[in-house]
Amino acid sequence: MTVLASVLTALGDPWDQGIMQRALLEVVLLGLVGGALGCWIVLSELSYGAESLAHGMFPGLVLAALTGIPLLLGGAAGILVAALAVALAGRVPGIGRDNAVAVVVTTLFGLGVLLALSPSSPPGIQGLLFGDVLGTSAGDLLDGAALAAVVLAALWVLHWRLLAVGFDRLSARALGAPPLLADAALLILLALAVLVAVQGLGNLLVVAVLVAPAAAARLLARRLLPMMATAVAIAIVAGIAGLYLSYYVRVAAGASIAGFMVLAYALARLATLAESLRGAATLTEAN
Amino acid sequence: MSALVEARGLAVGYGAAPVLGDVDFALEAGERVGVLGPNGGGKTTLFRALLGELRPLAGELTVAGRCGTVPQTERSRLDFPVSALDVALMGTIAGRPWWRRPGRAERRTARAALGRVGLEQLAERTFGELSGGQRQRVLVARALVQEARIVLLDEPFTGLDAASAERLEALLDELASEGRGILIATHDVDQARAWDRVLCLNRRQIAFGPPAETLTREVLAATYGGAIVTLPAEDGREALALLPPHHCDHEHSA
Amino acid sequence: MLMADVLDAFQLPFVQRALVEVLLLSVAAGALGTWIVLRGLAFYAHGVAAAAFPGLVLADGLGFSPPLGAFGVALLFALLVGRLSARGRSGHDSLTALVLVGALAVGIVLASDVFHSAANVETLLFGSLLAVGPGEIRLAAVVAVLAALATYLLGRRWLAVGFDAGAARALGVRSPAADAVLLVLIALAAVATLSAVGALLSTALLVVPAATVRLGTRRMTPWQLGTVALTAFEGTAGLWLSFQTNAPPGATIAVIAGGVFVLAATARVSAGPLRRLLGDDAAPVAAAATLRGGR
Ligand SMILES: Nc1ncnc2c1ncn2[C@@H]1O[C@H](COP(=O)(O)OP(=O)(O)O)[C@@H](O)[C@H]1O
Ligand SMILES: [Mg+2]
């Protein structure tokens, strides 16, 4: 009994502090947006795009931090520039889109690093790279909640159109769901989601919440809505686990959250592998 | 009665150069028209033009009615997490204001359409887990939900067993008898002989008309090029056969 | 800027070492970069370099050879992504992104909380060209030789597969072994660039120069020679500039390389500049189209 009690105390302990409460709320927001939108990113094979946009926005974040304008604004401008640059580079004939994206991202990310690590920049820009979930302020939470509401509402409204396009791009237009509009909508939502998540996970790790929970859920669920619910649950549980780890072991919070998300994917993968092995074993027995 | 689809001197392509030209044909209500041609002949390209996805590079194309489509198989993603009912429900998108989600009435329509194609029991099954013939019928149900007056089927019989193919054909006959216009791309010349008209394509239109008059040796030779062989037949008449289509150049990007 | 100034900087032994490193890397990156661009392996190159990061941290913390640790993990990445993406429902791109971000997270935790090399994280992520030692130079030399040799021996196969994987198989050009060699070599080259430009900017050497030269030529040999020359030029310029401004060299090289690319691309499309580039699509649509085609 005392063991149970002490476990319960240990579980409850962290949440007495305001810092941890805000971090918890941030993690929930992050999980809601990342898990739900992530499903569309994984299904539309936009993971590289998500990674690129997150990296490409870095100079915007750094400039905002250096000049003192809100990070949200800087991030939004950064994403806009990155998306435009990617669109332009994709049209340069002869090098292929994959390479074009790589060129843009390398350049923009290099620019951000140059600004962040130049001797005249104040220290602490690392927070932009790795996130600072424990530094979430009430204002950050409000911004994040507003953006999250927009993303979730848009996903709710656009659900069937995104579904038709994702399922079969070429018939979608005839069904009343123009593929290019769906693409553009996903891109804008992706930008918003990156803005929500960058506070907690930072520029380098934000892609974790956008890809890992959804990729794990895809292995476990067979319908889209359950898949989204699973992804959100995985993201939130991984986020909370990461907060515990950082509270008790003093490990970087953003990295441990991202780590748990990827771990969840690895576990889901193992589970499906084990299942298919078992299925194969039953088959051989039957023969 | 005016035609559901009418093409005059139509040319379509993916860039500036057309991959299919000189297309002149009409699809009337209640007709089944077979679209014949070799791989790369332009069947899918024609369908994409009818769906409004490719703009005509030359000529005119009028499409008087909503198009439902049963795309070439591998294109619909088999690992996409949707049920047969979800797929049928996609047919209701166009008929709804953009902020509304499908309601009870739409679900009823979708279930009824699945019932018409004989799949009521499998409505909750994952689309990718259905057999090839069942998947084609789900997509036909989607066209029914759309209330499509024109139904385009891109090689729907490829890979179906005889029973499934028969079942699908009966369904197509039924749709045509309701006054819909049906365009069916196929590799099976003999099957097309049973339909109302055939449209032979090989980068351009070779011929269009009732199969009995249209499917001559010359037309088939022009349509299929070297892929056609003559089989000696027992009863004295010669039979024409196509070498099996090779699919290596036929990967459609999803 | 006086020429003497420029030469002055290159008198210092550590700058000379950095220069040798950059020149050796140019040969490796130039030879392999063209293949990366031709075969659309940019995301792989990026992923393999990022994945090497925890290996670097581990080696740094445990005190064995950093390139060994990095190469071990990079090889693991090549195997994981290569194997797992062959089957399974999750897309190849998701997997690359996942392994990449997982490796970063592990590396950060290892660096900042296990080995307490927090000050080192930035160096490991963004390189320290001005602090390269003889070991790193040796590695770069080995990779340069291997890359040149493999290009000479296997180039024909890589080229055939580069244009059309299906046709290459039909022609009897068997690709798996040659492909594996290419993937491993890219992993090696990525590891070699780590000390100079870091885990997150290795594409500045491995992809950007090759993509830039590609704008001007379509033939393989001029493309490769041009890439080596351009990489050497951009690397040297970045080295000198970062020495003058005290800025991180990897980031400086990345920005210079990007700038040269922009100039080259502008020159290339100057016929109908922005109108052609922008086309008639709205920008988000074009961006979306490019990003979804990314993989
Ligand atoms: N997305 C595309 N972009 C460019 N060319 C294409 C595309 N799809 C098909 N084509 C070309 O158009 C021609 C006709 O192809 P298609 O209409 O798919 O033939 P079919 O369906 O009769 O087999 C082929 O030569 C093919 O290479
Ligand atoms: Mg076709």
Side-chain angles (χ1 to χ4, degrees), chain A residues 36 38-46 91 93 96-97 152-185 214-231 268 272 276 279, chain B residues 44-45 47-48 50-54 63 65-102 106 124-129 135 138-139 142-143 145-146 148 150-152 154 252-254:
Chain A
C39 291
W40 289 115
I41 289 175
V42 167
L43 288 174
S44 323
E45 304 194 335
L46 267 173
R91 303 261 178 142
R97 305 199 256 199
L152 293 177
L155 284 184
W156 178 254
V157 167
L158 293 175
H159 182 86
W160 282 92
R161 271 156 230 268
L162 294 176
L163 193 66
V165 173
F167 175 68
D168 177 6
R169 223 176 146 68
L170 298 184
S171 314
R173 179 194 298 274
L175 294 171
L180 287 183
L181 281 188
D183 283 354
R218 187 173 200 200
L219 297 172
L220 302 175
R222 291 145 53 85
R223 287 290 176 279
L224 196 49
L225 288 181
M227 177 177 161
M228 285 181 169
T230 313
T272 47
S276 67
Chain B
T44 304
T45 305
F47 284 5
R48 292 176 127 191
L50 293 175
L51 290 169
E53 227 181 289
L54 298 174
V63 180
R66 201 173 290 158
C67 280
T69 166
V70 176
Q72 217 161 350
T73 319
E74 293 321 316
R75 215 161 24 164
S76 331
R77 302 179 47 185
L78 296 185
D79 59 351
F80 211 75
V82 287
S83 66
L85 183 63
D86 289 334
V87 175
L89 273 171
M90 288 175 196
T92 66
I93 292 175
R96 249 188 350 251
W98 61 268
W99 65 88
R100 286 253 332 266
R101 292 168 60 89
E106 275 103 346
E124 305 299 336
R125 191 68 75 78
T126 300
F127 180 78
E129 287 170 2
R135 285 201 297 268
V138 171
L139 293 166
R142 184 176 74 173
V145 173
Q146 265 182 288
I150 304 156
V151 182
L152 314 176
D154 200 348
H252 288 270
S253 55

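Order of the sequence lines sets the chain letters (A, B, ...), proteins ahead of strands, with each chain counted from 1.
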Nearest heavy-atom contact between A/G176 and B/A94 is CA-CB, 4.2 Å
What part of B/L50 is in contact with chain A, defined as an atom under 4.5 angstrom from a non-hydrogen atom: side chain, backbone, both or neither?
neither
Which value, rounded to the nearest 0.5 Å, describes the distance between A/R223 atom CZ and B/E124 atom CD?
7.0 Å
Where B/M90 and A/A164 come nearest, the two heavy atoms and their spacing
SD-CA, 3.8 Å
Does the ring of B/W98 carry A/R161 above it, NZ/CZ under 6.0 angstrom from centre and within 45° of its axis?
no
Name the option with the most non-hydrogen atom pairs under 4.5 Å to chain A; the candidates are B/R100, B/Q146, B/R66.
B/Q146
For A/A174 versus B/L51, what's the shortest heavy-atom pair and its separation?
CB-CD2, 3.4 Å
Below 4.5 Å, heavy-atom pairs only: which of A/V157, A/L175, A/L225 has the largest tally toward chain B?
A/L175
Heavy atoms only: give me the nearest B/R142-A/D168 pair and the separation to one decimal.
NH2-OD2, 4.0 Å
In terms of heavy-atom contacts, B/R48 and A/L170 come closest through NH2-CD2, 3.0 Å
Once rounded to the nearest 0.5 Å, what's the spacing between atom OG of A/S171 and atom CD of B/E53?
8.0 Å
Fit a plane to each ring of A/F167 and B/F127, take the angle between them on a 0 to 90° scale, and name the class: parallel (under 30°), tilted (30 to 60°) or perpendicular (over 60°).
perpendicular
Honestly, the part of B/R96 sitting under 4.5 Å from a heavy atom of chain A is both
Quick check on A/R173 against chain B: is it the side chain, the backbone, both or neither that has a heavy atom closer than 4.5 Å?
side chain
Minimum-distance pair of heavy atoms, taken over all atoms of A/W160 and B/D86:
CZ3-O, 3.4 Å
